[in-house]
Amino acid sequence: MLINCAAYQDGRKLADIPQTAIRDYVRRPDCFVWVALRDPEVVELEAMREEFGLHELAVEDAHNGHQRPKMEEYGDMLFVVVHLLEIGAAGQVRVGEVDIFVGANYVLSVRNRSNVGFLNVRDRCEREPHLLKFGSGFVLYALMDAAVDRYFPVINALEQELEQIEDGMFTKENSARDNIEALYALKRKLTLVQHSTTPLLETVHKLFGGRVPQVCVGMHEYYRDIYDHLERIVKQVEALRDMLNTAIQVNLSLISLDDSAITKKFAAYGALFAMPTMVAGIYGMNFEAMPELRWTYGYPLALAAMLGLDVLLWRRFRRAGWI
């Protein structure tokens, strides 16, 4: 689906143009065309390949989707893949993708599996003509910056989810099994975020460090700003993973403590039953030589001994916290 198609020159928008006019504007000096597609069909991508002269391997990657975040150069053209992260209604992490084709006189963004568009990015660029003069290099920065900024709410949501799970662990609101399942579900979400952010860190570094692609010349400080944001996000994800691993160990320790407490209770109650059993067992042997067998007060004293020993043990176990 074609979202919009516009031509720009000297930092200002010339007009919204039809697809058939793209080739005419691309040929103009100091002019570039910005086209946005969403979940395009093969025919639409093929049409754009012919209009802009895109490399067929990059077009194939954009059509197949599910690419790892990366940046590839095909002659004077850049092909950049950035993941789009969103929190769904059920709290799951949804991973979309934007594939960006960048040339000296064009920008083509292909958005897949994402409900949030980039119209605000276009508005921002048009409000900053002094930056839009940098052409397609600035548009690439604006798109990547917007995608990276959307990572922060996702990280914050995962942090809050971890805090809720930790609170439930100590307040016993959920069972130990529920806590373990929630922690491992959160770990899978963090893994998705990590797979989207860590490779992108290396990709962005290529846009301002070392040999910089021609379309990005003059934009070093802006791409370094994206790199700084990504570096902070990657560190947050690593810290969250460490906290998550700690939470898993703490939860397992709490389970062991609960099991130990139950074992102590069983042992204590077993001792309470074992003591009378021992006394009854001794006097149930019925040997002829046992003097207590014919004693008038033997039976009540045996019961009193059983009761007294059980009371003594019960008080000791109670004081130790076993009962």
Side-chain angles (χ1 to χ4, degrees), residues 1-9 13-84 95-119 121-122 125 132 134-147 196 199-200 203-204 206-207 211-217 219 223:
M1 179 189 300
L2 179 65
I3 302 299
N4 44 45
C5 178
Y8 299 84
Q9 188 171 15
K13 181 177 179 179
L14 295 178
D16 291 313
I17 62 175
Q19 183 176 338
T20 54
I22 289 177
R23 189 168 302 179
D24 296 333
Y25 282 91
V26 167
R27 292 173 179 172
R28 293 188 182 185
D30 300 325
C31 178
F32 75 94
V33 176
W34 182 357
V35 180
L37 299 178
R38 175 187 176 185
D39 299 316
E41 300 291 337
V42 179
V43 177
E44 293 177 289
L45 282 177
E46 185 62 24
M48 291 300 165
R49 187 186 71 81
E50 295 177 358
E51 293 290 344
F52 295 121
L54 306 177
H55 198 281
E56 58 182 7
L57 292 179
V59 173
E60 182 180 354
D61 286 345
H63 172 65
N64 293 333
H66 301 283
Q67 298 295 314
R68 183 176 182 268
K70 63 180 180 178
M71 188 273 289
E72 295 178 344
E73 292 186 70
Y74 296 93
D76 296 332
M77 186 201 82
L78 286 183
F79 176 62
V80 181
V81 178
V82 180
H83 284 181
L84 304 175
V95 182
E97 181 178 310
V98 59
D99 304 314
I100 310 171
F101 300 84
V102 185
N105 50 5
Y106 64 87
V107 176
L108 170 63
S109 64
V110 181
R111 177 164 54 97
N112 292 296
R113 307 183 310 281
S114 176
N115 296 324
V116 182
F118 290 99
L119 290 178
V121 177
R122 188 180 290 267
C125 293
L132 196 55
F134 285 97
S136 55
F138 175 71
V139 174
L140 173 62
Y141 154 77
L143 291 171
M144 296 182 70
D145 184 57
S196 299
L200 189 59
T203 296
V204 175
K206 295 178 182 179
L207 299 177
R211 188 189 67 81
V212 178
Q214 186 62 36
V215 295
C216 300
V217 172
M219 299 292 297
Y223 288 110

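Just so you know, residue 1 is the first one in the sequence shown, and it goes up from there. Scope of the values below: all heavy atoms of this structure, side chains included, with no hydrogens, waters or symmetry mates.
Within the 3.5 Å criterion, the main-chain N or O of E60 finds a donor-acceptor partner in the side chain of N64. With hydrogens and angles disregarded, no donor-acceptor distance shorter than 3.5 Å links the side chain of H55 to the backbone of L78. Remark: the backbone N or O of V107 is not paired with any side-chain donor or acceptor of S136 at under 3.5 angstrom. Although no hydrogens or angles enter the test, the distance criterion places a donor-acceptor pair under 3.5 Å between the side chain of Q67 and the main chain of G65. Proximity of a side-chain donor or acceptor of Q9 to a complementary backbone N or O of P29 within less than 3.5 Å is detected.
Residues I100 and L140 have side chains in contact (heavy-atom distance under 4.5 Å, counting atoms from C-beta outward). A 4.5 Å side-chain heavy-atom check between M219 and L207 finds every atom pair outside the cut-off. With a 4.5 Å cut-off on side-chain heavy atoms, S196 and V82 do not count as touching. Looking at heavy atoms from C-beta onward, V116 lies out of side-chain contact with L84 at the 4.5 angstrom threshold.
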>> Assess the residue pair E73 and R211 against the criterion (salt bridge (charged side-chain N to carboxylate O under 4.0 Å, His left out)); give the C-alpha distance rounded to whole Å, side-chain angles, the decisive distance to 0.1 Å, and a yes or no.
In response: CA-CA 12 Å; E73 292 186 70; R211 188 189 67 81; 2.5 Å; yes

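Every ring pair (Phe, Tyr, Trp, His ring centres under 6.0 Å) that Y8 has, sequence neighbours left out, goes to F32.
Here OH of Y141 is found 9.0 Å from SG of C125. Values are rounded to the nearest 0.5 Å. Summarising the geometry, atom OH belonging to Y223 is positioned 12.5 Å from atom OG1 belonging to T203; distances are rounded to the nearest 0.5 Å. Taken to the nearest 0.5 Å, the CD atom of E50 stands 7.5 Å off from the CZ atom of R23. Atom-to-atom distance recorded for N4:CG and S109:OG is 7.5 Å, nearest 0.5 angstrom.
Between V215 and A104 the shortest heavy-atom distance is CG1-N, 3.9 Å. Nearest heavy-atom pair, C31 versus A7, reported as atom, atom and distance to 0.1 Å: SG-CB, 4.4 Å.
Other residues, nucleotides and ligands contribute at most 12 non-hydrogen atoms within 6.0 Å of the CD atom of E41.
Evaluated for a salt bridge (charged side-chain N to carboxylate O under 4.0 Å, His left out) with E97, the options R113, R38, K70 yield exactly one hit, R113.
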